[in-house]
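Residues take their numbers from the sequence shown, with the count starting at 1.
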Amino acid sequence: MAEVTLRDVALASGCSIATVSRVLAGTRPVGAETARTVRAAAERLGYRPNQVARALRSRSTGTVGLVLPQITNPFFPSLVRELEHALHAEGRAVLLADCDDDPVTEAARINVFLGRQVDALLLIPVDERRSREAVAAAAARVPLVLLDRGCGPGVADSVAVDNAAGMALVLGHLAATGRRRPCFVGAAGTASAAVERRAAYEAGAAALDPEAPGRIALGDFSVEWGRAAVDRLWPSRPDALICANDLIAAGALQRLRQLGAEVPGEVAVTGFDDIPLAGLADPALTTVRQPVGELAAEAARLLSRGPAGAEPGPRHTVRLAPQLVVRASSASAGPPGASGAPNAPELRSGAYRGVSTQNS
(Lines give C-alpha, C1' and ligand atoms only; values in the text may rest on other atoms or scores of the structure.)
Protein backbone atom coordinates (compact mmCIF):
# COMPACT_ATOMS: atom_id res chain seq x y z
CA MET A 1 0.00 0.00 0.00
CA ALA A 2 1.37 3.40 -1.01
CA GLU A 3 2.30 5.77 1.80
CA VAL A 4 -0.29 8.48 2.50
CA THR A 5 1.32 11.92 2.09
CA LEU A 6 0.50 15.46 3.17
CA ARG A 7 -0.60 16.10 -0.43
CA ASP A 8 -3.18 13.29 -0.15
CA VAL A 9 -4.54 14.76 3.08
CA ALA A 10 -4.66 18.22 1.48
CA LEU A 11 -6.68 16.92 -1.48
CA ALA A 12 -9.08 15.01 0.79
CA SER A 13 -9.64 17.97 3.12
CA GLY A 14 -9.74 20.73 0.52
CA CYS A 15 -6.94 22.63 2.29
CA SER A 16 -3.47 23.64 1.20
CA ILE A 17 -0.44 21.47 1.99
CA ALA A 18 0.90 24.29 4.19
CA THR A 19 -2.32 24.36 6.23
CA VAL A 20 -2.33 20.59 6.62
CA SER A 21 1.29 20.69 7.78
CA ARG A 22 0.51 23.37 10.37
CA VAL A 23 -2.45 21.42 11.74
CA LEU A 24 -0.68 18.07 12.01
CA ALA A 25 2.57 19.51 13.35
CA GLY A 26 0.84 21.93 15.71
CA THR A 27 3.36 24.65 14.85
CA ARG A 28 0.93 27.54 14.26
CA PRO A 29 -2.67 28.25 15.28
CA VAL A 30 -5.35 27.24 12.75
CA GLY A 31 -9.11 27.74 12.89
CA ALA A 32 -10.95 25.07 14.87
CA GLU A 33 -13.19 24.00 11.96
CA THR A 34 -10.24 23.77 9.56
CA ALA A 35 -8.25 21.75 12.10
CA ARG A 36 -11.15 19.31 12.57
CA THR A 37 -11.50 18.86 8.81
CA VAL A 38 -7.79 18.18 8.33
CA ARG A 39 -7.57 15.72 11.22
CA ALA A 40 -10.67 13.86 10.04
CA ALA A 41 -9.18 13.50 6.57
CA ALA A 42 -5.84 12.33 7.99
CA GLU A 43 -7.55 9.71 10.16
CA ARG A 44 -9.75 8.51 7.30
CA LEU A 45 -6.75 8.04 5.02
CA GLY A 46 -4.58 6.48 7.74
CA TYR A 47 -1.91 9.19 7.52
CA ARG A 48 1.19 8.67 9.68
CA PRO A 49 3.93 11.31 9.92
CA ASN A 50 7.32 10.38 8.45
CA GLN A 51 9.55 10.79 11.48
CA VAL A 52 12.74 10.37 9.45
CA ALA A 53 11.80 13.18 7.09
CA ARG A 54 10.71 15.35 10.01
CA ALA A 55 14.06 14.75 11.73
CA LEU A 56 15.95 15.76 8.61
CA ARG A 57 13.97 18.99 8.36
CA SER A 58 14.17 19.92 12.03
CA ARG A 59 17.60 18.43 12.80
CA SER A 60 15.94 16.79 15.80
CA THR A 61 15.27 13.06 16.14
CA GLY A 62 12.96 13.31 19.14
CA THR A 63 15.00 10.61 20.91
CA VAL A 64 16.88 10.46 24.20
CA GLY A 65 19.56 7.84 24.85
CA LEU A 66 19.56 6.23 28.30
CA VAL A 67 22.63 4.26 29.45
CA LEU A 68 22.34 2.07 32.57
CA PRO A 69 25.06 0.26 34.52
CA GLN A 70 23.08 -2.98 34.78
CA ILE A 71 19.41 -3.48 33.96
CA THR A 72 19.21 -6.50 36.28
CA ASN A 73 19.34 -4.20 39.33
CA PRO A 74 15.62 -3.96 40.25
CA PHE A 75 15.90 -0.27 41.13
CA PHE A 76 16.70 0.73 37.55
CA PRO A 77 13.58 -0.64 35.73
CA SER A 78 11.31 1.42 37.98
CA LEU A 79 13.37 4.50 37.16
CA VAL A 80 13.31 3.69 33.43
CA ARG A 81 9.52 3.42 33.58
CA GLU A 82 9.14 6.85 35.15
CA LEU A 83 11.64 8.39 32.73
CA GLU A 84 9.81 6.93 29.73
CA HIS A 85 6.52 8.38 30.98
CA ALA A 86 8.03 11.82 31.65
CA LEU A 87 9.75 12.02 28.26
CA HIS A 88 6.82 10.56 26.32
CA ALA A 89 4.69 13.41 27.68
CA GLU A 90 7.12 15.77 25.94
CA GLY A 91 6.92 13.85 22.65
CA ARG A 92 10.30 12.15 23.09
CA ALA A 93 11.19 8.49 22.69
CA VAL A 94 13.76 6.67 24.86
CA LEU A 95 16.51 4.40 23.51
CA LEU A 96 17.94 2.09 26.19
CA ALA A 97 21.43 0.58 26.54
CA ASP A 98 22.95 -1.62 29.26
CA CYS A 99 26.73 -1.47 29.79
CA ASP A 100 27.06 -4.35 32.30
CA ASP A 101 28.95 -2.22 34.86
CA ASP A 102 31.87 -1.70 32.46
CA PRO A 103 33.15 1.87 31.81
CA VAL A 104 34.63 0.86 28.43
CA THR A 105 31.29 -0.54 27.28
CA GLU A 106 29.59 2.51 28.71
CA ALA A 107 31.74 4.83 26.56
CA ALA A 108 30.98 2.70 23.50
CA ARG A 109 27.23 2.87 24.14
CA ILE A 110 27.42 6.63 24.51
CA ASN A 111 29.24 6.91 21.16
CA VAL A 112 26.63 4.70 19.46
CA PHE A 113 23.86 7.00 20.67
CA LEU A 114 25.74 10.10 19.54
CA GLY A 115 26.20 8.46 16.14
CA ARG A 116 22.45 7.93 15.96
CA GLN A 117 21.98 11.66 16.49
CA VAL A 118 20.02 11.45 19.74
CA ASP A 119 18.83 14.83 20.97
CA ALA A 120 20.04 14.23 24.53
CA LEU A 121 21.51 11.66 26.91
CA LEU A 122 20.56 10.34 30.33
CA LEU A 123 23.22 8.36 32.16
CA ILE A 124 23.66 6.47 35.41
CA PRO A 125 27.47 6.34 35.39
CA VAL A 126 29.29 3.14 36.29
CA ASP A 127 32.06 4.88 38.19
CA GLU A 128 32.59 8.48 39.30
CA ARG A 129 36.19 8.64 38.05
CA ARG A 130 36.39 6.11 35.22
CA SER A 131 33.19 7.32 33.53
CA ARG A 132 34.16 11.00 33.69
CA GLU A 133 36.03 11.40 30.40
CA ALA A 134 33.31 9.89 28.21
CA VAL A 135 30.58 11.78 30.07
CA ALA A 136 32.35 15.13 29.77
CA ALA A 137 32.95 14.64 26.05
CA ALA A 138 29.30 13.76 25.43
CA ALA A 139 28.04 16.65 27.58
CA ALA A 140 29.93 19.04 25.31
CA ARG A 141 27.90 17.78 22.31
CA VAL A 142 24.34 17.24 23.56
CA PRO A 143 22.29 18.01 26.68
CA LEU A 144 23.21 15.35 29.24
CA VAL A 145 21.87 14.62 32.73
CA LEU A 146 23.37 12.20 35.24
CA LEU A 147 20.93 10.23 37.36
CA ASP A 148 21.36 8.62 40.78
CA ARG A 149 25.17 8.90 40.57
CA GLY A 150 27.59 11.68 39.68
CA CYS A 151 30.93 12.16 37.94
CA GLY A 152 32.33 15.00 40.02
CA PRO A 153 31.56 18.73 40.01
CA GLY A 154 31.20 20.64 36.77
CA VAL A 155 30.95 17.65 34.44
CA ALA A 156 27.20 17.62 33.72
CA ASP A 157 23.81 18.39 35.23
CA SER A 158 22.80 15.75 37.76
CA VAL A 159 19.86 14.69 39.90
CA ALA A 160 19.99 12.15 42.74
CA VAL A 161 18.61 11.39 46.16
CA ASP A 162 20.35 12.94 49.16
CA ASN A 163 22.27 9.84 50.24
CA ALA A 164 23.65 11.48 53.39
CA ALA A 165 20.16 12.42 54.54
CA GLY A 166 18.96 8.88 53.90
CA MET A 167 21.74 7.34 55.94
CA ALA A 168 21.10 9.83 58.76
CA LEU A 169 17.48 8.65 58.89
CA VAL A 170 18.62 5.03 59.20
CA LEU A 171 21.14 5.79 61.95
CA GLY A 172 18.64 7.87 63.91
CA HIS A 173 16.07 5.10 63.71
CA LEU A 174 18.53 2.42 64.87
CA ALA A 175 19.71 4.63 67.75
CA ALA A 176 16.13 5.13 68.88
CA THR A 177 15.50 1.37 68.86
CA GLY A 178 18.51 0.66 71.08
CA ARG A 179 21.06 -0.62 68.57
CA ARG A 180 24.68 -0.06 69.58
CA ARG A 181 26.88 -2.39 67.48
CA PRO A 182 26.12 -1.59 63.84
CA CYS A 183 28.09 -2.68 60.79
CA PHE A 184 27.91 -1.15 57.32
CA VAL A 185 27.73 -3.55 54.37
CA GLY A 186 28.40 -1.65 51.16
CA ALA A 187 30.04 -1.68 47.74
CA ALA A 188 33.67 -1.09 46.92
CA GLY A 189 34.76 1.22 44.11
CA THR A 190 34.03 4.85 43.39
CA ALA A 191 30.43 4.86 42.19
CA SER A 192 29.21 8.03 43.87
CA ALA A 193 26.16 6.47 45.55
CA ALA A 194 28.36 3.81 47.16
CA VAL A 195 30.88 6.40 48.33
CA GLU A 196 28.27 8.83 49.67
CA ARG A 197 26.38 6.19 51.65
CA ARG A 198 29.57 4.79 53.15
CA ALA A 199 30.87 8.27 54.05
CA ALA A 200 27.55 9.18 55.69
CA TYR A 201 27.69 6.01 57.80
CA GLU A 202 31.26 6.78 58.87
CA ALA A 203 30.28 10.34 59.78
CA GLY A 204 27.20 9.43 61.81
CA ALA A 205 27.77 5.98 63.31
CA ALA A 206 30.02 7.21 66.13
CA ALA A 207 26.89 8.50 67.87
CA LEU A 208 25.92 4.85 68.41
CA ASP A 209 29.39 3.50 69.21
CA PRO A 210 32.84 5.15 68.90
CA GLU A 211 34.11 2.03 67.14
CA ALA A 212 31.17 1.75 64.72
CA PRO A 213 32.70 3.88 61.90
CA GLY A 214 35.42 1.25 61.49
CA ARG A 215 33.00 -1.66 61.15
CA ILE A 216 32.62 -1.71 57.37
CA ALA A 217 32.57 -4.57 54.85
CA LEU A 218 32.71 -3.77 51.13
CA GLY A 219 31.82 -5.93 48.14
CA ASP A 220 29.27 -5.05 45.47
CA PHE A 221 25.56 -4.22 45.13
CA SER A 222 24.37 -7.86 45.00
CA VAL A 223 22.41 -10.49 46.90
CA GLU A 224 25.45 -12.76 46.75
CA TRP A 225 27.60 -10.20 48.54
CA GLY A 226 24.93 -9.76 51.21
CA ARG A 227 25.10 -13.47 51.99
CA ALA A 228 28.91 -13.53 51.99
CA ALA A 229 29.07 -10.44 54.22
CA VAL A 230 27.00 -12.17 56.91
CA ASP A 231 29.44 -15.09 56.96
CA ARG A 232 32.24 -12.60 57.49
CA LEU A 233 30.51 -10.41 60.09
CA TRP A 234 28.18 -12.63 62.11
CA PRO A 235 30.89 -14.18 64.34
CA SER A 236 31.38 -10.71 65.90
CA ARG A 237 27.61 -10.48 66.60
CA PRO A 238 26.66 -7.00 65.35
CA ASP A 239 23.19 -5.88 66.41
CA ALA A 240 22.47 -4.05 63.12
CA LEU A 241 23.51 -4.54 59.50
CA ILE A 242 23.16 -1.28 57.58
CA CYS A 243 23.18 -2.29 53.91
CA ALA A 244 23.96 0.10 51.07
CA ASN A 245 21.09 -1.21 48.94
CA ASP A 246 18.15 -3.59 49.15
CA LEU A 247 19.83 -6.38 47.19
CA ILE A 248 22.62 -6.61 49.77
CA ALA A 249 20.02 -6.54 52.54
CA ALA A 250 17.99 -9.33 50.90
CA GLY A 251 21.05 -11.55 50.76
CA ALA A 252 21.89 -10.74 54.38
CA LEU A 253 18.36 -11.62 55.53
CA GLN A 254 18.48 -14.91 53.67
CA ARG A 255 21.83 -15.95 55.17
CA LEU A 256 20.87 -14.86 58.69
CA ARG A 257 17.76 -17.02 58.48
CA GLN A 258 19.87 -19.98 57.34
CA LEU A 259 22.16 -19.46 60.35
CA GLY A 260 19.20 -19.38 62.72
CA ALA A 261 19.70 -15.74 63.71
CA GLU A 262 16.62 -13.87 64.89
CA VAL A 263 15.77 -10.75 62.86
CA PRO A 264 15.14 -8.27 64.39
CA GLY A 265 15.53 -9.86 67.85
CA GLU A 266 19.30 -10.39 67.61
CA VAL A 267 20.12 -8.15 64.68
CA ALA A 268 18.31 -5.45 62.72
CA VAL A 269 18.76 -5.21 58.95
CA THR A 270 18.17 -2.11 56.80
CA GLY A 271 18.47 -1.42 53.09
CA PHE A 272 18.37 1.48 50.65
CA ASP A 273 16.18 2.15 47.53
CA ASP A 274 12.85 0.45 48.47
CA ILE A 275 12.65 -1.88 45.48
CA PRO A 276 9.52 -4.13 45.36
CA LEU A 277 11.52 -6.96 46.92
CA ALA A 278 11.90 -4.96 50.16
CA GLY A 279 8.25 -5.28 51.12
CA LEU A 280 8.18 -8.99 50.20
CA ALA A 281 11.23 -10.00 52.23
CA ASP A 282 10.85 -12.08 55.39
CA PRO A 283 10.80 -10.12 57.61
CA ALA A 284 9.82 -7.10 55.52
CA LEU A 285 12.79 -4.80 55.08
CA THR A 286 13.23 -1.36 56.60
CA THR A 287 14.75 0.80 53.89
CA VAL A 288 15.23 4.27 52.44
CA ARG A 289 12.81 5.07 49.65
CA GLN A 290 14.06 7.04 46.67
CA PRO A 291 11.54 9.45 45.07
CA VAL A 292 11.71 7.80 41.64
CA GLY A 293 8.96 9.88 40.05
CA GLU A 294 10.62 13.10 41.17
CA LEU A 295 14.00 11.90 39.90
CA ALA A 296 12.51 11.32 36.45
CA ALA A 297 10.64 14.64 36.39
CA GLU A 298 13.73 16.59 37.42
CA ALA A 299 15.85 14.81 34.81
CA ALA A 300 13.35 15.72 32.08
CA ARG A 301 13.31 19.32 33.31
CA LEU A 302 17.10 19.59 33.26
CA LEU A 303 17.26 18.11 29.75
CA SER A 304 14.91 20.80 28.47
CA ARG A 305 17.04 23.66 29.84
CA GLY A 306 18.99 24.13 26.63
CA PRO A 307 18.89 23.01 22.98
CA ALA A 308 21.48 20.66 21.51
CA GLY A 309 24.59 22.47 20.35
CA ALA A 310 24.12 25.41 22.69
CA GLU A 311 27.04 26.64 24.75
CA PRO A 312 26.96 24.82 28.11
CA GLY A 313 26.09 27.03 31.06
CA PRO A 314 26.57 26.45 34.77
CA ARG A 315 25.97 22.87 35.81
CA HIS A 316 23.01 22.17 38.07
CA THR A 317 23.04 19.59 40.85
CA VAL A 318 19.68 18.56 42.31
CA ARG A 319 19.37 16.50 45.50
CA LEU A 320 15.97 15.12 46.47
CA ALA A 321 14.74 14.19 49.94
CA PRO A 322 14.55 10.48 50.82
CA GLN A 323 11.95 8.79 53.03
CA LEU A 324 12.60 6.16 55.70
CA VAL A 325 10.19 3.23 55.39
CA VAL A 326 10.18 1.34 58.69
CA ARG A 327 9.23 -2.34 58.49
CA ALA A 328 9.67 -5.46 60.62
CA SER A 329 13.40 -6.04 60.02
CA SER A 330 14.39 -3.27 62.45
CA ALA A 331 11.96 -3.45 65.35
CA SER A 332 13.17 -2.26 68.74
CA ALA A 333 15.83 -4.28 70.54
CA GLY A 334 14.24 -3.32 73.85
CA PRO A 335 12.02 -0.67 75.50
CA PRO A 336 12.24 2.79 73.90
CA GLY A 337 15.24 4.62 75.27
CA ALA A 338 16.89 1.40 76.52
CA SER A 339 20.67 1.43 77.00
CA GLY A 340 20.59 5.20 77.06
CA ALA A 341 19.38 5.42 73.48
CA PRO A 342 18.96 9.05 72.40
CA ASN A 343 15.69 10.37 71.16
CA ALA A 344 15.14 9.68 67.49
CA PRO A 345 15.05 12.56 65.04
CA GLU A 346 11.71 13.20 63.42
CA LEU A 347 11.41 10.82 60.46
CA ARG A 348 9.38 12.22 57.63
CA SER A 349 9.37 12.17 53.86
CA GLY A 350 10.68 15.52 52.69
CA ALA A 351 9.36 17.49 49.76
CA TYR A 352 12.38 19.74 49.59
CA ARG A 353 14.68 19.96 46.63
CA GLY A 354 18.25 21.02 47.20
CA VAL A 355 19.82 22.72 44.19
CA SER A 356 23.37 23.96 43.85
CA THR A 357 24.81 25.57 40.75
CA GLN A 358 28.43 25.01 39.83
CA ASN A 359 30.39 26.62 37.04
CA SER A 360 31.76 24.09 34.59
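Look at Glu33 and Arg36 and you find a salt bridge, because one of the NZ, NE, NH1 or NH2 atoms lies within 4.0 Å of a carboxylate O, short of that distance.
Side-chain contact, Ser16 with Thr19: a donor N or O sits under 3.5 Å from an acceptor N or O. For the residue pair His173 and Ser330, a side-chain donor N or O sits within less than 3.5 Å of a side-chain acceptor on the partner. Side chain to side chain, Glu90 and Ser304 fail the donor-acceptor criterion of an N or O pair below 3.5 Å.
Here the CE atom belonging to Met167 is positioned 11.5 Å from the CG atom belonging to Asp162, to the nearest 0.5 angstrom. Summarising the geometry, atom CG belonging to Asn111 is positioned 13.0 Å from atom CZ belonging to Arg116; distances are rounded to the nearest 0.5 Å. The line from CG of Leu114 to CZ of Arg109 is 13.5 Å long, rounded to the nearest 0.5 Å. To the nearest 0.5 Å, atom CZ of residue Phe221 and atom SG of residue Cys243 are 11.0 Å apart. We find the CG-CG distance between Leu144 and Leu303 to be 8.0 Å, quoted to the nearest 0.5 Å. Note that the CG atom of Leu253 and the CG atom of Leu256 stand 6.5 Å from one another [nearest 0.5 Å].
When atom types are taken as modelled, the side chain of Ser21 and the backbone of Ile17 share no donor-acceptor pair closer than 3.5 angstrom. A donor-acceptor pair under 3.5 Å is absent between the side-chain atoms of Arg149 and the main chain of Leu146, judged by distance alone. At least one donor-acceptor pair under 3.5 Å links the side chain of Tyr201 to the backbone N or O of Ala212. With hydrogens and angles disregarded, no donor-acceptor distance shorter than 3.5 Å links the side chain of Ser13 to the backbone of Val38. With hydrogens and angles ignored, the 3.5 Å screen pairs a side-chain donor or acceptor of Arg179 with a backbone N or O of Asp239. At least one donor-acceptor pair under 3.5 Å links the side chain of Asp246 to the backbone N or O of Phe272. Looking at Thr63, its side chain never comes within 3.5 Å of a backbone N or O of Ala93 through a donor-acceptor pair. Under the 3.5 Å distance criterion, the side-chain polar atoms of Asp8 are matched with a main-chain donor or acceptor of Thr5. The backbone N or O of Gly186 sits less than 3.5 Å from a side-chain atom of Trp225, completing a donor-acceptor pair.
What you find for Ala156 and Val135 is that their closest heavy atoms are CB-CG1, 4.4 Å. Closest approach of Leu241 and Ala252 over heavy atoms only: CD1-CB, 4.2 Å. Taking each heavy atom of Val20 and Ala10 in turn, the nearest pair found is CG2-CA, 3.7 Å. Residues Ala284 and Gly279 come closest through the heavy atom pair CB-O, 3.9 Å. In this structure, Leu208 and Pro182 approach most closely via the heavy-atom pair CD2-CG, 4.0 Å. Between Ser158 and Arg319 the shortest heavy-atom distance is OG-NH1, 3.8 Å.
Hydrophobic cluster membership for Leu11: none, as no Ile, Leu, Val, Met, Phe, Trp or Tyr side chain comes under 4.5 Å of it.
For the side chain to side chain donor-acceptor pair (under 3.5 Å) condition, the pairs that include at least one residue of residues 256-271, sequence neighbours left out, are Arg255-Gln258. A salt bridge (Lys or Arg N to Asp or Glu O under 4.0 Å) check over residues 184-206, counting only residues at least two apart or in different chains, returns the pairs Arg197-Asp273. Applying the side chain to side chain donor-acceptor pair (under 3.5 Å) test to residues at least two apart or on different chains, the pairs with a partner in residues 212-221 are Asp209-Arg215, Asp220-Ser222.
Looking at residues two or more places apart in sequence or on another chain, you find a salt bridge (charged side-chain N to carboxylate O under 4.0 Å, His left out) between Arg327 and Asp274.
Counting heavy atoms from C-beta outward, Thr317 and Asp157 have side chains that stay 4.5 Å or more apart.
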Please set out all donor-acceptor pairs under 3.5 angstrom arising from side-chain atoms of residues 69-84, sequence neighbours excluded.
unit_1	atom_1	unit_2	atom_2	d
Gln70	NE2	Asp100	OD1	3.1
Asn73	OD1	Phe75	N	3.0
Ser78	OG	Phe75	O	2.7

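The number of heavy atoms from other shown groups lying within 6.0 Å of CZ (Arg237) is above 12.
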> Between Leu95 and Val64, is a side chain to side chain contact (heavy atoms under 4.5 Å, CB included) present by the stated rule, with each step listed?
Replying inline: CA-CA 6 Å; Leu95 302 178; Val64 175; over 6 Å; no

>> I'd like to know whether Leu302 forms a side chain to side chain contact (heavy atoms under 4.5 Å, CB included) with Val318, so could you lay out the CA-CA distance, the side-chain angles of the two residues, the decisive distance to 0.1 Å, and finally the verdict.
In response: CA-CA 9 Å; Leu302 288 172; Val318 178; 4.2 Å; yes

>> Leu123 vs Leu147, test: side chain to side chain contact (heavy atoms under 4.5 Å, CB included). Steps then yes/no.
In response: CA-CA 6 Å; Leu123 189 74; Leu147 283 157; over 6 Å; no

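The hydrophobic clustering, which links ILVMFWY residues whose side-chain heavy atoms are closer than 4.5 Å, places Val159 and Val94 together.
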